[in-house]
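To start, the structure under review is shown below, and the notes come after it.
What you see below is based on every heavy atom in this structure, not just the backbone, and it leaves out hydrogens, waters and symmetry mates. Quantities reported herein were computed from a predicted structural model and do not represent experimental measurements.
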Amino acid sequence: MGHDPRPCSVAIGLGSHDLGVADTTVDLYRRGMMPLIVFTGATSPTTRERMPRGEAVHYRERALELGVPASAVLVEPHARNTGENIRFSRSLLEEGGVEVSSVLLVSKPYEERRAYATARKQWPTVEFVSTSAPMTLNEYADSIGNARLVIDMLAGSLQRLLIYPEQGFMISQEVPEDVMAAYERLCAQGFTSRLLPGTARTE
C-alpha cells in the first residue's frame with residue numbers, strides 16, 4: 001500500500017503460513033516502531049502441519065528466538081480469519097488495559113490491502129499503518145518455495161477485496177482495471193484453489 005512504517009501504539013502480526021511476518025515484526029520492534037507486539041492466529045489447513053501449536057504461538061517463539069523480551073509479546077491464539085484477527089486482538093488489548101491510538105499492521109506482502117480494509121472496518125477508532133516485508137513477487141515466491149500457492153493465495157485475496165465489502169467484512173477499496181484484468185487471467189488459467197467456494201469470481 002506504500003505506507004511508511006512509523007511509531008505506533010502496538011503492532012499486530014497476522015498469522016499465516018509465512019513465518020517471515022514474525023521476522024518483519026521483530027525488525028520493526030528493533031527499530032523502535034512499537035513497544036508491544038500482538039501475534040494473532042490459530043491454524044488453518046495450510047498451517048496445521050507446519051505450525052501445529054498455532055500460528056500466533058509459532059510467531060511468538062520466533063520473536064523470542066530473535067531476542068524480543070517475552071514481556072513485549074502477546075498471543076491471541078483463536079482467530080481463524082482476518083476479521084477475527086482484528087477483533088480478538090482488540091479485545092485482548094482492551095482487557096489488558098492497553099491504550100491504542102495507532103496500530104502497525106504486519107502481514108504477508110500481498111495481504112497488506114486486505115488486512116488494512118478489514119482492520120478499518122472492524123476497528124474504526126484507531127489509525128492503521130499497513131506494512132510487510134519489502135520484496136518483489138519473485139523474491140516472495142522464492143522465500144515460500146511454492147509459487148503456485150502464492151499466486152493462488154493472491155487471487156483469493158483479491159476476490160475477497162471484491163466481495164467482502166458488501167458483506168460488511170471490510171471497507172471498499174478501488175481495484176484498478178489492470179489489476180482486475182490480471183485477476184481474471186489468473187482465474188482463467190486455473191489459479192482458483194483459494195477462491196471462496198460457491199461464489200463467482202467477482203460476485
Side-chain angles (χ1 to χ4, degrees), residues 1-3 5 12-25 39-52 54-56 58-59 62 79-86 105-122 128-203:
M1 292 192 67
H3 291 180
I12 297 178
L14 303 182
S16 71
H17 64 274
D18 182 4
L19 197 59
V21 173
D23 292 351
T24 301
T25 307
F39 287 129
T40 169
T43 58
S44 70
T46 308
T47 62
R48 193 167 292 126
E49 292 186 6
R50 186 179 304 183
M51 300 179 183
E55 297 155 5
H58 281 265
Y59 277 22
R62 177 64 172 169
R80 296 188 180 276
N81 57 56
T82 309
E84 290 185 351
N85 286 141
I86 303 304
L105 201 58
V106 188
S107 66
K108 302 185 294 292
Y110 60 86
E111 290 282 15
E112 276 191 26
R113 188 169 297 277
R114 176 185 172 192
Y116 175 80
T118 303
R120 284 284 311 280
K121 182 70 175 183
Q122 301 294 332
F128 286 93
V129 178
S130 191
T131 191
S132 64
M135 58 176 63
T136 66
L137 176 60
N138 285 339
E139 289 170 342
Y140 185 73
D142 287 344
S143 75
I144 297 299
N146 187 338
R148 176 85 197 196
L149 172 65
V150 170
I151 298 174
D152 274 341
M153 298 281 272
L154 194 155
S157 184
L158 195 283
Q159 186 206 34
R160 286 158 177 78
L161 280 175
L162 297 171
I163 67 176
Y164 275 1
E166 292 185 358
Q167 299 177 22
F169 297 150
M170 63 173 65
I171 64 170
S172 180
Q173 297 278 283
E174 181 179 352
V175 179
E177 291 183 5
D178 59 339
V179 174
M180 193 67 201
Y183 165 71
E184 289 289 355
R185 286 198 303 272
L186 290 174
C187 291
Q189 293 170 16
F191 293 96
T192 58
S193 73
R194 299 291 164 165
L195 298 188
L196 293 173
T199 47
R201 297 174 187 169
T202 61
E203 189 176 29

What is the distance from atom [atom1] of [X] to atom [atom2] of [Y], rounded to the nearest 0.5 Å?
{"X": "Asp18", "Y": "Ser107", "atom1": "CG", "atom2": "OG", "result": "9.5 Å"}
{"X": "Ser130", "Y": "Ile12", "atom1": "OG", "atom2": "CD1", "result": "11.0 Å"}
{"X": "Arg120", "Y": "Ser172", "atom1": "CZ", "atom2": "OG", "result": "11.5 Å"}
{"X": "Leu105", "Y": "Ile86", "atom1": "CG", "atom2": "CD1", "result": "5.0 Å"}
{"X": "Cys187", "Y": "Gln159", "atom1": "SG", "atom2": "CD", "result": "7.5 Å"}
{"X": "Glu84", "Y": "Leu14", "atom1": "CD", "atom2": "CG", "result": "12.5 Å"}

With a 4.5 Å limit on heavy-atom distance, are the side chains of [X] and [Y] in contact?
{"X": "His58", "Y": "Pro52", "value": "yes"}
{"X": "Leu154", "Y": "Glu111", "value": "no"}
{"X": "Glu55", "Y": "Leu19", "value": "no"}
{"X": "Leu162", "Y": "Met180", "value": "yes"}
{"X": "His17", "Y": "Met153", "value": "yes"}
{"X": "Tyr140", "Y": "Lys108", "value": "yes"}

Pairing residues for Phe128 by the ring pair (Phe, Tyr, Trp, His ring centres under 6.0 Å) criterion, not counting sequence neighbours: none

Which heavy atom of [X] sits nearest to which heavy atom of [Y], and what is that distance?
{"X": "Gly54", "Y": "Thr43", "value": "CA-CG2, 3.6 Å"}
{"X": "Thr82", "Y": "Ala115", "value": "CG2-CA, 4.2 Å"}
{"X": "Lys121", "Y": "Ile171", "value": "CB-N, 3.8 Å"}
{"X": "Gln122", "Y": "Gly168", "value": "NE2-O, 4.4 Å"}
{"X": "Leu196", "Y": "Arg160", "value": "CD2-NH2, 3.0 Å"}
{"X": "Leu149", "Y": "Asn146", "value": "N-OD1, 2.9 Å"}

Within the 6.0 Å centroid threshold, strictly below: His3 and Tyr116: yes

Identified side-chain contact (heavy atoms from CB on, under 4.5 Å) partner of Arg113 from the options Leu158, Thr118, Leu161: Leu161

Any side-chain donor near an acceptor of the partner, Ser132 and Glu112, under 3.5 Å: yes

Residue pair Tyr59 / Ser16, side-chain donor-acceptor N/O under 3.5 Å: yes

Heavy-atom donor-acceptor pair, Thr192 side chain to Leu195 backbone, under 3.5 Å: no

Pairs touching residues 150-170 that satisfy ring-ring contact (aromatic ring centres under 6.0 Å, His included), sequence neighbours left out: Tyr164-Phe169

From CA spacing to verdict: side chain to side chain contact (heavy atoms under 4.5 Å, CB included), Leu186, Ile151: CA-CA 8 Å; Leu186 290 174; Ile151 298 174; 3.8 Å; yes

